[in-house]
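Input: a single structure, listed below in structure tokens.
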Amino acid sequence: MPQTRADVPASRTEITTCSYHGIDRKGQSVDRYDDRTGPNGGARRRRPHAPRPRHLPLDEINAAVALHVRALRAGRGWSLDELSGRSGVSKGMLVQIEGCRTNPSVGTLARIADAFGVTVARLLQPAADRSVHLSEIDDAPVLWRGGRGGTGRMLRGLSDPGFVELWDWRFAPQERYEAEELLPGTRTMVHVLVGQVVVTVDGADHQVQAGQTLDFRSDRAHACRNDLDSPARLVMVVTMPPGELDRRRGSAIARR
């Protein structure tokens, strides 16, 4: 569940694109054996893996964020002070972001995205987007890390025709994530793939088991936790209404 009402504390991990679980980080080919044998029963043939897609370096992600924030701000004719007031992000931090001199947290990005009326994924996407996009889960940025090893990855986000984000969440045993309310009118769907989680909305707990889907309004405080001694995994879809959020007024403004 993306967090938008407050910056993520320093203890939270910021955006990273590092890969795990033995993935070849240098993009080099690795040999393997084919199960089939030759016509005379000879040794199995060696067949190389195709190289994995290149992982997007962190500096390229920060460069994309800088480019989009500058362009969106200029397109609206906003000063840095205006964007700071609307987003609740300090002017100094905005200068660092637009200058590509910092690695902003997911909370900071969410505040800026809300102010512009776009998704966080819109700020992360490469400048030259494509009409067809195929991506690897290990290439998706990790926007949250739990204290016990859990992760939250944004797999993909769309801004046209509607605002939609697709997330992959993995919770270690006894791990919890708390989020504040999102943009007014936002809804979230959670489908549990492995294990069981408890989603708390407005103080009420909802137990969701593997194979079940929970749909709820996420424009209010909510949380997700794994109370079991085994891991849990879920996919999440977040849909947001179009509009810019001015935090000084606490209301959304319809997007023109």
Side-chain angles (χ1 to χ4, degrees), residues 1-18 56-127 141-147 151-154 157 159 163 165 167 177-186 218-223 238 240-256:
M1 283 159 271
Q3 188 170 353
T4 63
R5 294 294 178 188
D7 285 349
V8 176
S11 59
R12 293 279 179 84
T13 298
E14 297 179 343
I15 300 174
T16 175
T17 56
C18 293
L56 195 62
L58 185 57
D59 57 353
E60 290 190 21
I61 292 180
N62 290 336
V65 171
L67 175 66
H68 291 309
V69 171
R70 287 196 303 267
L72 289 168
R73 183 173 65 82
R76 288 163 173 75
W78 294 352
S79 65
L80 285 168
D81 288 325
E82 178 68 15
L83 178 55
S84 176
R86 287 172 175 266
S87 64
V89 176
S90 71
K91 181 178 177 180
M93 174 58 73
L94 292 174
V95 170
Q96 293 290 317
I97 292 172
E98 290 195 2
C100 197
R101 296 192 296 272
T102 188
N103 178 24
S105 68
V106 61
T108 298
L109 288 176
R111 283 174 173 266
I112 295 172
D114 285 348
F116 286 133
V118 301
T119 64
V120 171
R122 173 69 174 79
L123 302 180
L124 298 175
Q125 71 184 21
V142 178
L143 299 182
W144 174 81
R145 286 190 187 281
T151 58
R153 292 178 182 266
M154 181 182 289
S159 297
F163 295 161
E165 294 177 349
W167 292 74
Y177 175 80
E178 293 199 36
E180 299 182 16
E181 63 269 25
L182 304 179
L183 192 70
T186 300
S218 45
D219 55 358
R220 57 203 66 197
H222 54 282
V238 182
M240 294 157 281
E244 301 165 355
L245 178 64
D246 189 338
R247 294 178 185 275
R248 296 169 298 189
R249 302 174 182 174
S251 59
I253 304 172
R255 186 173 54 129
R256 294 189 294 272

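Being a predicted model, the structure only gives us computed values, none of them experimental.
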Where is the tightest heavy-atom contact between [X] and [Y], given as atom of each residue plus distance?
{"X": "Ser87", "Y": "Arg111", "value": "O-NH1, 3.3 Å"}
{"X": "Gly157", "Y": "Ala121", "value": "CA-CB, 3.3 Å"}
{"X": "Ile97", "Y": "Pro104", "value": "CD1-CB, 4.0 Å"}
{"X": "Pro184", "Y": "Pro241", "value": "O-CG, 3.0 Å"}

Nearest 0.5 angstrom please: [X] [atom1] to [Y] [atom2], how far?
{"X": "Arg220", "Y": "Thr186", "atom1": "CZ", "atom2": "OG1", "value": "10.5 Å"}
{"X": "Thr108", "Y": "Leu123", "atom1": "OG1", "atom2": "CG", "value": "11.5 Å"}
{"X": "Asn103", "Y": "Leu109", "atom1": "CG", "atom2": "CG", "value": "8.5 Å"}
{"X": "Thr151", "Y": "Trp167", "atom1": "OG1", "atom2": "CH2", "value": "10.5 Å"}

My understanding is that only residues two or more places apart in sequence, or in another chain, count here; which of them pass side-chain contact (heavy atoms from CB on, under 4.5 Å) with Gln96?
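Arg101, Thr102.
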Does the pair Leu143 and Arg153 meet the rule for a side-chain contact (heavy atoms from CB on, under 4.5 Å), with working shown?
CA-CA 6 Å; Leu143 299 182; Arg153 292 178 182 266; over 6 Å; no
Tell me every residue that passes side-chain hydrogen bond (donor to acceptor under 3.5 Å, both in side chains) with Arg70, counting only those two or more places apart in sequence or in another chain.
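Arg70: no side-chain hydrogen bond (donor to acceptor under 3.5 Å, both in side chains) contacts found.
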When you compare the side chain of [Y] with that of [X], does any pair of heavy atoms fall below 4.5 Å?
{"X": "Val89", "Y": "Ser84", "value": "no"}
{"X": "Arg122", "Y": "Phe116", "value": "no"}
{"X": "Glu165", "Y": "Met240", "value": "yes"}
{"X": "Trp144", "Y": "Val106", "value": "no"}
{"X": "Leu124", "Y": "Pro141", "value": "yes"}
{"X": "Ile112", "Y": "Leu72", "value": "no"}

Among Thr119, Val142, Val238, Val120, exactly one meets side chain to side chain contact (heavy atoms under 4.5 Å, CB included) together with Met154. Which residue is that?
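Among Thr119, Val142, Val238, Val120, the one meeting side chain to side chain contact (heavy atoms under 4.5 Å, CB included) with Met154 is Val120.
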Evaluate the criterion side-chain contact (heavy atoms from CB on, under 4.5 Å) for residue pair Leu80 and Glu98; output intermediate values, then yes/no.
CA-CA 10 Å; Leu80 285 168; Glu98 290 195 2; 3.8 Å; yes
Between Asn62 and Cys100, is there a donor-acceptor pair closer than 3.5 Å when you use the side chain of the first and the backbone of the second?
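Pair absent, no side-chain N/O of Asn62 close to backbone of Cys100.
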Assess whether salt bridge (charged side-chain N to carboxylate O under 4.0 Å, His left out) is satisfied between Arg76 and Glu82, documenting all intermediate values.
CA-CA 10 Å; Arg76 288 163 173 75; Glu82 178 68 15; over 6 Å; no
